[in-house]
There are 2 protein chains.
Amino acid sequence: MVRMVDVARQAGVSPMTVSNVVNGRPGVSPGTRARVLAAVAELGYEVNATARSLRTGRTGAVGLVLPDLEGPYHAHLFNRLAAGAESHGWHLLLQRTGGSREGELAAISPAHLRRFEGAIVNLVRLRPADLTRLRLEIPVVFIGESPVPRRFDHVMMDNVGGSRAATSRLLGTGSRRVAIVGGGHEDTDDMASLRTRGYREAHDDVGLAVDPGLVIEVPSYSSDQGHRAVLALHERDPSFDAVFCVTDALAMGALRALADLGLRVPGDVQVIGFDNGPEAEFTVPRLSSVEPGNEAITDQILAVLQQRIRADGAGGSRPPATNTAGARLVLRESTR
Amino acid sequence: MVRMVDVARQAGVSPMTVSNVVNGRPGVSPGTRARVLAAVAELGYEVNATARSLRTGRTGAVGLVLPDLEGPYHAHLFNRLAAGAESHGWHLLLQRTGGSREGELAAISPAHLRRFEGAIVNLVRLRPADLTRLRLEIPVVFIGESPVPRRFDHVMMDNVGGSRAATSRLLGTGSRRVAIVGGGHEDTDDMASLRTRGYREAHDDVGLAVDPGLVIEVPSYSSDQGHRAVLALHERDPSFDAVFCVTDALAMGALRALADLGLRVPGDVQVIGFDNGPEAEFTVPRLSSVEPGNEAITDQILAVLQQRIRADGAGGSRPPATNTAGARLVLRESTR
DNA sequence: ATGAAAGCGCTAACAG
DNA sequence: CTGTTAGCGCTTTCAT
């Protein structure tokens with residue numbers, strides 16, 4: 001391995017001068033700079049990021065911690081954030097927790113998080129109580145629906161508003177028996193509960209009661225669960241005339257199940273998803289979906305993170321922010 | 001930040017003893033160990049991975065370098081590899097190149113790669129000529145179809161065999177005008193060329209000539225390209241009666257385009273994809289696809305990498321291996 | 001079984 | 001403009 005001292009020797013200068021050249025710091029004469037750069041090229045020197053990081057405490061890398069990459073939503077999130085991070089001068093590295101308690105605890109431990117200058121973390125299993133004693137040694141922005149203690153920054157989408165808009169649309173176009181796939185008890189503030197809250201509010205708006213039999217919980221948000229849920233519902237009670245799925249992945253499974261059942265979409269059953277990923281354009285029929293403001297969310301996350309990273313150490317940092325991005329409905333062929 | 005010295009002071013021992021306890025090394029009396037662990041718990045000490053890494057040269061992290069996460073294939077690859085890496089005691093971190101020359105060059109520079117103990121790299125833009133002078137300072141296994149110099153380990157799937165099987169099936173079930181979406185010139189060894197080779201071989205097998213008008217190049221392998229390609233082909237020459245898409249993502253777009261055109265699948269046009277991702281189960285109609293041996297590939301990649309990491313420094317490491325995993329056809333509703 | 005010394009490669013702070 | 005000193009937190013080596 002070629003070290004800075006080797007370059008220094010080769011160029012006949014001190015390591016410090018090499019450091020100054022390599023890092024583009026001012027105050028090096030053109031001649032010296034040229035000799036150093038020549039030595040760098042000749043020896044094929046590359047800075048040792050680990051050593052630099054130990055010395056400066058900065059790594060240039062930002063971590064994105066996600067449960068996994070099932071379903072397209074997280075993949076697109078990563079793509080958008082990676083592109084955005086680039087323009088902030090960071091490298092985004094994705095780490096997976098597997099969606100388990102242990103995986104999440106390990107991922108947010110200082111030992112792992114210190115690889116990064118800052119992190120964007122999406123928890124799904126840990127409860128706020130698990131986080132009360134958490135000491136974060138780097139700036140962290142939490143994303144996703146899992147509630148976190150107030151003292152942390154949290155960027156999320158407008159789950160309630162988006163679900164309410166979707167459900168209102170279904171109820172406003174003749175559907176009376178709207179199922180929600182991926183619904184929950186509304187007794188917590190996780191994704192299932194929040195989106196169920198909007199679903200119920202839309203029912204309240206038109207004076208309709210929610211039938212608990214139409215609120216379907218699922219263990220995960222992948223397509224196979226959507227498929228399975230709709231088949232099971234139809235078996236139990238085929239009276240539903242619309243399905244609101246809390247993710248696009250679930251909705252893709254639901255569309256497949258309706259095709260299996262010989263039901264027409266949107267003629268017999270309307271379907272709306274949530275996320276508005278690129279694949280919504282290519283399902284048969286094309287999927288109507290809640291667009292959660294993906295662009296705005298990406299920008300907000302990175303803005304908050306940059307603020308925190310810059311302010312780190314400096315006093316007067318703003319109080320933690322819970323930012324909510326607006327959602328709107330994108331109508332395609334799966335609704336009337 | 002709590003350091004090892006702090007723990008040592010608290011426990012009344014030397015830093016070295018703390019190090020021994022924290023790393024589970026033998027030769028520490030039970031009493032001392034207990035006192036150290038108590039101090040660790042009380043102060044909330046976590047080892048500083050950066051410092052450890054600078055000293056030992058090992059990071060515990062393995063990098064996966066991919067162009068991006070467009071389309072489901074790479075996302076599933078990441079999931080599988082992350083799970084596998086876990087069981088080898090590594091953390092898998094995903095880094096994106098954006099699919100550009102500069103992005104790829106930056107990602108494989110020692111500066112970035114040294115964050116990792118080993119890396120799995122999928123290049124799409126760089127040619128072997130760009131890699132001839134490349135000095136890798138950590139073990140790297142290349143994956144994907146982009147050819148790399150012989151001296152590197154390379155794990156890939158059986159592109160030619162898989163494509164040949166898919167095309168043979170189409171030709172064997174009555175189709176005579178089989179288009180390939182994502183095809184290439186066969187003058188290089190990239191994915192498009194390899195899969196086109198199998199496509200041509202299948203034609204040769206039955207004594208049919210390939211119509212160059214049915215070989216459709218695309219700039220990327222996402223669904224919108226598949227959609228666009230099929231619409232354009234139909235406009236130019238609607239005589240095709242089957243479409244072989246070199247990725248599932250393309251095939252999803254193709255299915256959507258055929259629906260737009262009012263063509264029945266598989267009645268009017270048969271469709272086969274490549275990758276056999278989970279979403280192939282949920283398209284309408286369900287997508288027949290080439291299963292490239294995903295499980296086997298994951299295992300091979302990790303096995304080769306572990307071998308290299310363990311052998312690093314030790315002499316007698318085996319010559320670079322080019323492993324090819326077998327492919328087989330999974331038939332669903334989009335074929336007859 | 002435990003500890004002291006040295007150093008991984010780099011850069012902040014200061015001196016010249 | 002350039003160099004010297006010191007040390008980031010940890011672990012290897014060797015002594016006790």
Side-chain angles (χ1 to χ4, degrees), chain A residues 1-37 39-40 43-61 109-115 117 137-138 312-313, chain B residues 1-37 39-40 43-61 109-115 117 137-138 312-313:
Chain A
M1 176 187 293
V2 185
R3 293 149 313 160
M4 215 171 240
V5 272
D6 304 321
V7 177
R9 202 166 359 238
Q10 169 92 4
V13 298
S14 78
M16 204 50 235
T17 299
V18 177
S19 175
N20 286 331
V21 170
V22 166
N23 291 285
R25 284 187 279 256
V28 181
S29 73
T32 308
R33 157 166 279 117
R35 267 186 303 134
V36 170
L37 289 176
V40 164
L43 300 178
Y45 169 75
E46 300 253 2
V47 65
N48 182 323
T50 306
R52 170 187 285 172
S53 166
L54 177 59
R55 181 65 238 229
T56 63
R58 322 182 14 110
T59 67
S109 71
H112 282 178
L113 242 31
R114 261 194 302 234
R115 293 181 196 284
E117 227 165 289
E137 302 200 355
I138 61 166
D312 212 25
Chain B
M1 176 189 292
V2 184
R3 293 150 311 161
M4 215 172 239
V5 273
D6 303 322
V7 177
R9 203 167 357 238
Q10 170 92 4
V13 298
S14 78
M16 205 45 238
T17 300
V18 177
S19 176
N20 286 330
V21 171
V22 166
N23 291 284
R25 285 187 279 256
V28 181
S29 74
T32 308
R33 159 166 278 117
R35 267 186 304 134
V36 169
L37 289 177
V40 165
L43 299 178
Y45 169 74
E46 300 253 3
V47 64
N48 182 323
T50 306
R52 170 186 286 171
S53 166
L54 176 59
R55 183 65 238 234
T56 63
R58 322 183 13 110
T59 68
S109 71
H112 283 176
L113 242 32
R114 262 194 301 236
R115 294 180 194 285
E117 226 165 288
E137 302 200 354
I138 60 165
D312 212 26

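Predicted model, so just to flag it, every value in this text is computed and none were measured.
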Partner set under side-chain hydrogen bond (donor to acceptor under 3.5 Å, both in side chains) for Glu46(A), not counting sequence neighbours: none

Sugar-phosphate only, base, or nothing, as touched by Asn20(A) at under 4.0 Å among non-hydrogen atoms: nothing

Neighbours of DNA chain D within residues 7-16 of chain B, by heavy-atom distance under 4.0 Å: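 DNA chain D contact set from residues 7-16 of chain B: Met16(B).
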
Positional range of nucleotides in DNA chain C within the contact set of chain A, heavy-atom, under 4.0 Å: dG9(C) to dA13(C)

What distance separates [X] [atom1] from [Y] [atom2], expressed to the nearest 0.5 Å?
X	Y	atom1	atom2	result
Arg52(B)	Ser19(B)	CZ	OG	7.5 Å
Ile138(A)	Arg58(A)	CD1	CZ	12.0 Å
Thr56(A)	Glu117(A)	OG1	CD	7.5 Å

Inter- and intrachain pairs under salt bridge (charged side-chain N to carboxylate O under 4.0 Å, His left out), touching residues 5-32 of chain B, at least two apart: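 The answer is Arg3(B)-Asp6(B), Asp6(B)-Arg9(B).
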
Exam field: side chain Arg115(B) to backbone Thr59(B), donor-acceptor pair closer than 3.5 Å: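 Not confirmed, Arg115(B) side chain does not pair with Thr59(B) backbone.
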
End-to-end axis angle, where each axis spans five pairs of the helix from dA1(C)-dT16(D) to dG16(C)-dC1(D), to 10°: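 Answer for the end axes of this duplex: 40°.
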
Phosphate OP1/OP2 of dC10(D): any Ser19(B) side-chain N/O under 4.0 Å: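 False: Ser19(B) side-chain N/O out of range (4.0 Å or more) of dC10(D) OP1/OP2.
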
Contact residues, residues 25-35 of chain B to DNA chain C [heavy atom, < 4.0 Å]: Gly27(B), Val28(B), Ser29(B), Thr32(B)

